[in-house]
Structures are given as C-alpha cells and as structure tokens.
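Report on one structure; see the data block that follows.
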Amino acid sequence: MALADLRPRPSARRRMNMFYLLDTSGSMRYNDCIGSVNRAMPEIVGILREISDSNHDQSDIYLSCITFDNEARELYDAPVDVKDFRWADVKAEGLTNLKAAFDLLEAQLQSGAAMSAPAGHLRPAVLLLSDGDPDDGWEEALDRLQANLWFRQAYKIAIAIGCKPSNIEMCRALTRFARPLDAGGEPVIISIDQLDRLYDVIKLVSSTVSRIGSSNAAAGGRSPAQRIRDAIVNDAGNIVGVNIPSMLDDGQGWY
Amino acid sequence: MVLTHASYYPGASHIANSKPVQDRAAVAQVVYGGGRKATVLLLADGHGSDVHYLSDVGAEMAISASVEALPDVLDILMKRIVRGVAVSRGVADDRCVSEFDRTPADPQCEAAMRMFFARINSLWASKVLCDWNSRPRMSNAASLFGVARAYGCTLLGAVRAEGFWFAFQLGDGACVALDAFFRPFVPVPPDSRCRMSQTTSMCVHDANDFRYAYGSDIPAALMLCSDGLADCFGSPSELASQFLAQIVRDTYSAGFAEVEEDIAASLPALSGRFTGDDMSIALWIDTEAFSPAHLSAMSPGLDRAVGGELSSALAEMAACEEAIDRISRQIAELDPGCDEAVRKESVLSTMYRRQSELAGIIENLKKDKHT
C-alpha cells in the first residue's frame with residue numbers, strides 16, 4: 001500500500017465553524033431589519049458554498065445560528081455543512097437576552113459539541129448582530145465566554161444596527177464582544193445607520209470572513225484577522241450609511 | 001543498521017500561490033564527548049504568510065544553529081542520563097496557558113536544556129542578522145514588521161546518541177515514535193498555543209517555549225514532520241500507528257529505497273488532497289531494534305491501531321445514526337415544509353453526509369484489518 005493511500009478519508013478535511021448570533025427582539029421589526037436578515041441568509045449560503053468548494057486548503061464551512069430575544073435558542077440542532085444549509089425565516093419579538101446567547105455559544109464552543117471535527121478546526125468566526133441595549137447579566141456571561149479558548153481564538157465581528165448615543169449598554173456590549181483577544185488585530189465593529197443597508201452588510205461580512213478564515217494561506221504581510229478587518233473596513237466603508245467606528249481609548253465604546 | 005531519511009516538498013497551496021517551499025529537513029552527524037558520534041534529525045517549517053518572506057532561509061538557519069549548539073548539550077546529557085530514565089517535559093511552567101500544557105518539572109536536565117534552547121535562539125538570531133545585513137537594503141518588511149519575523153519558522157530535532165536519545169520541538173508539527181515492541185508513542189508534550197494554524201515560533205518565542213523529551217531507551221523508529229503532514233491525521237498517535245508503522249513495515253517488505261520513493265510520491269499527493277501545506281519529514285529506523293519476534297508482532301500492533309480507530313469510527317457512526325433517527329422522528333411530527341422542518345432537514349442532510357463518509361472509513365478500516 002502506498003503511503004498516500006493511507007488516509008483517503010473525507011474526515012481529514014478541516015472545518016471552519018461560523019456562528020451567527022442574531023438579535024430577534026421585537027425592535028428588529030422596525031424598518032424590516034428582520035426581513036433583511038431573512039433575505040440575506042439564503043444568498044449567503046450560495047456564496048459560502050462556492051468558497052468552500054474552491055479553497056485550496058480543503059476545509060469545510062459549517063454554520064450555526066443562535067437567535068436571542070426573551071431567551072436564546074439554537075436554530076439548528078447541530079452545525080450544518082454549508083452544502084446542506086437551508087435557511088428558514090425567523091420572526092422578531094420579545095426582549096434582548098444577550099446573556100442567554102453568550103451562554104449558549106459558550107456551550108457550543110466545546111470540543112464535545114460543535115468543535116469536534118475529527119481532522120480539527122480552523123479558527124471559528126462569530127458574527128453578532130444586534131439593534132438594542134441588552135438585558136442585564138450579559139457581562140458575566142461574556143466573562144465566561146472570553147475564558148473559552150475557542151472564543152479567544154475566534155474572529156469576532158459585531159454589527160450594530162441603528163445604534164444611538166443613548167444606547168450606551170449596547171455600545172459597551174458589542175465593543176467588549178468584538179475584542180480580538182488571541183485572534184490579534186483590531187476589533188471589527190460595523191455600525192449601520194441606514195437600516196436598508198443591513199442586507200448588504202450581512203452578505204459582505206459573511207463572505208469576507210469565510211473566504212479569508214477558511215484558508216491557511218496568508219497574503220499581503222498581514223494576519224488573517226487583520227486581512228478580514230482591512231477587507232471589511234474597505235468594502236463596508238464604501239456603503240452609504242455604514243460606519244466603521246473607532247474605539248474609545250478606554251475600550252468601553254466607540255465614536 | 002540505522003536507516004535515515006529527510007526530505008521536503010512544496011505544498012499544493014504554495015504551488016497554486018507561486019510560493020517557494022518553506023519547509024526544510026536534514027539528517028546530520030554531530031561529534032561530542034571526545035569523539036562519540038550522534039545521528040541527528042532536524043526539521044524546520046517556515047511560516048507561510050508574506051510577512052515571513054524569508055522563512056525558508058530562516059528554516060535552514062534554525063537547522064544549522066541546532067547542529068552547532070548540540071555538542072555542548074550532548075556532553076552534559078551523556079553524564080546525566082542513566083539507564084531507565086525517560087523524561088517528557090513541555091514548555092516552562094510560566095508559559096503554560098492551560099493545565100493541558102503543564103508537565104512535571106525535570107530536576108535533572110531542565111537548566112541544561114533551557115540553556116541549549118537559548119543557545120539555538122541566539123545562534124539563529126545571529127545568523128538572521130548576518131543574512132539580513134548581507135542583503136540589499138529594503139524599505140518594506142523590516143521596518144514594518146521586524147527583521148526576525150521575516151525569517152520565522154518552527155524547529156524540531158531528534159538525536160540518537162550512544163546510550164541515550166532526546167528530542168525537542170518549538171512550534172507545531174509532530175515528533176512520533178515506535179518502540180522496539182512496535183508500540184506507537186508521542187514523546188514531546190503538546191503546546192495548546194499550537195492549534196488552528198497558529199504556532200509558536202523561532203521569531204517570537206524563546207528557550208522556555210521549547211518542549212523536549214529524553215531517555216535511555218532509544219526509540220526503534222522516530223519521525224519528525226511538519227504540520228502539513230501531521231494535520232492529515234486525526235492525532236499524532238494516529239500518525240505514528242498508521243504512517244510511521246507503514247513505513248517500517250514497507251522497509252522490511254520492500255526495502256528502504258522503495259520507501260523513499262514512496263515518500264517522494266506520497267507527500268505531495270497528501271498535500272494536494274488534504275492540508276495544501278508544505279510537507280517535510282525526517283526519520284530514523286533501527287532495523288536491528290525490531291527483532292524477528294518483534295516483527296511478528298507488527299501485524300497485531302497494526303491490528304490494534306486499526307482496531308482502535310475502527311472502534312471510534314463505529315462509535316461515531318452509532319451516535320450519527322441515533323441523531324438521524326431522532327431528528328427524523330422530530331421531522332415526522334412537524335408540518336411538512338414548516339420553518340422548523342426545513343432547519344431540521346438541513347441538519348439531517350449533514351448527518352447523512354457524515355454517515356456516508358463514516359461508512360467509507362469503516363469499510364477501509366475493515367479492509368486494513370484483514371490485510
């Protein structure tokens with residue numbers, strides 16, 4: 001038997017997990033934000049399939065979705081290969097229980113749960129999308145999440161919808177969430193003022209993160225985290241009504 | 001007779017991106033202790049990204065720095081390693097990021113080892129500066145990212161000396177071995193910072209970030225490889241029990257020349273099918289260590305390895321089938337085409353895909369077991 005024949009096994013493809021944390025509180029109905037999510041997600045799947053099929057590093061992309069309103073729930077029972085992923089619309093109602101979403105994500109980011117591909121994982125990506133101040137308790141949950149090794153390594157992107165100066169708690173939560181920790185680089189936060197741009201932003205962020213994150217090869221003298229940030233800043237910054245804010249010095253918010 | 005081999009190959013993604021091969025591997029001989037000779041395997045994996053654009057040069061320098069530093073530490077080890085000793089030591093305690101990384105302190109040789117690694121770092125840095133200064137002045141990477149990062153690489157080494165051996169590692173890749181009874185083992189402890197395409201490196205980390213192992217019973221076969229090859233396998237143990245074991249078996253059945261040809265053909269093929277990364281390998285096989293009695297144990301040894309993998313594949317298959325059954329029943333209770341049913345059908349499709357993959361894996365393993 002030739003050595004090359006030793007492992008002709010599909011299981012040896014590495015996996016990149018993408019986690020979507022989607023705010024489905026009642027306020028997401030305003031300006032049909034939830035409709036933008038529902039329209040963008042099926043299109044993302046097609047883009048991600050192409051990326052997964054074409055990358056040289058032979059990694060598969062798996063998707064997980066956690067929605068949060070009065071409580072948090074996993075939309076899919078297990079991470080779904082993007083080849084099999086079908087989106088079903090979500091509805092918006094209730095409060096903004098970000099704490100429960102963080103707890104659920106922490107439970108997923110365990111070797112026995114979502115992170116159990118036999119051939120190992122590339123860094124996961126976590127995309128958080130929210131439009132309002134979270135309910136109490138999110139900070140303690142985020143502390144627990146930030147102690148998780150997978151989360152520390154993950155690419156983290158926060159999308160703030162219609163954030164006003166009075167949304168201090170939302171600003172703090174998304175800023176703390178987006179801290180790169182062990183992934184390196186600078187935080188990636190996208191603030192959307194023109195709400196009809198949400199659809200474009202979700203597609204842009206998803207395709208950028210999956211394209212760069214599912215490949216081993218780096219380019220341009222920058223880390224993957226920095227390349228993701230640069231690409232998003234460059235592309236999202238050109239969309240009218242979308243801002244890439246700068247962090248405040250104390251790391252508690254943006255301007 | 002001790003057979004040795006070292007080689008390296010460009011990865012599929014490096015070829016696709018017109019990048020040079022940045023791995024290096026070598027076999028060297030080092031003289032120590034007043035004329036004693038040691039056989040040394042060395043391997044370095046230059047980092048792939050553009051910021052490390054001289055990492056192929058850095059990898060060569062890491063190898064030559066190790067060769068220069070080795071005689072002094074071998075002089076110390078030959079006096080301290082006594083019969084029956086076997087030590088496995090990870091990164092220094094202050095570098096552990098989890099309990100997973102923590103290993104017992106090594107009272108015998110820790111200080112000497114850390115000095116040896118510091119010497120490698122120092123020699124490497126000196127070579128880097130010398131090379132950098134010999135190049136035309138450039139205004140790009142050095143000022144932006146620092147000189148050392150341009151040369152960044154990992155380093156693995158293994159030494160067969162008289163009456164003892166030792167191995168060391170900084171960064172990802174694997175050092176795996178088989179003992180005289182054909183049992184696979186992984187001598188050098190892991191470092192949890194080396195995961196998800198991240199690694200410790202010669203350009204950033206220091207003596208306390210090396211891991212090492214030594215002992216008096218020299219492994220009958222030992223192999224170093226870069227992560228391009230190691231990541232084709234589920235774990236280092238699997239790499240030892242399948243890949244290295246197959247090499248040893250083929251050496252006895254077909255001859256070492258044929259094995260070397262197979263390595264040259266197979267590593268690029270594995271890169272293309274799995275990791276896309278550069279591939280490098282360095283190994284020794286002590287043909288006399290495997291006595292006829294041990295050779296007859298080779299097949300049972302392989303059977304056990306295959307059997308272990310088969311058990312885990314069967315267990316995963318059972319879990320997969322249980323999930324398929326559960327989700328199918330849930331779907332049957334839902335209105336056809338409702339949102340929840342659509343989501344569950346997505347999960348079910350992924351489960352079926354995995355079930356099909358597992359069926360192929362199990363079939364192959366059963367074939368392996370019978371052959």
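Chain naming here is simple, since letters A, B, ... match the order of the sequence lines and numbering starts at 1 in each. What you are looking at is a predicted structure, and each value in this text was computed from that prediction instead of being measured.
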To the nearest 0.5 Å, what is the distance between OG (B:Ser346) and NZ (A:Lys83)?
14.0 Å
Tell me if the CD atom of B:Glu258 is crowded by more than 12 foreign heavy atoms within 6.0 Å.
no
Working for salt bridge (Lys or Arg N to Asp or Glu O under 4.0 Å), residues A:Arg73 and B:Glu340
CA-CA 12 Å; A:Arg73 65 182 291 249; B:Glu340 192 61 21; 3.2 Å; yes
Let me know if A:Phe85 has heavy atoms under 4.5 Å from chain B in its side chain, its backbone, both or neither.
backbone
Look at B:Ser349, B:Gly360, B:Ser253, B:Cys338 and state which one has the largest set of heavy-atom pairs under 4.5 Å with chain A.
B:Ser349
Are B:Arg343 and A:Arg86 side-chain neighbours, meaning at least one heavy-atom pair lies under 4.5 Å?
no
Assess the side chains of A:Asp84 and B:Thr350: does a donor N or O sit below 3.5 Å from an acceptor N or O?
yes
Should B:Asp339 and A:Lys91 count as side-chain neighbours, where that means a heavy-atom distance under 4.5 Å?
yes
Sort B:Ile263 into side chain, backbone, both or neither according to what part of it lies under 4.5 angstrom from a heavy atom of chain A.
both
Given a strict heavy-atom distance threshold of 4.5 Å, which part of B:Arg193 is in contact with chain A: side chain, backbone, both, or neither?
neither
Per-residue contact mode, B:Ile247 against chain A (heavy atom under 4.5 angstrom):
both
Minimal non-hydrogen separation, B:Val342 against A:Trp87, with atom names
CG1-O, 4.1 Å
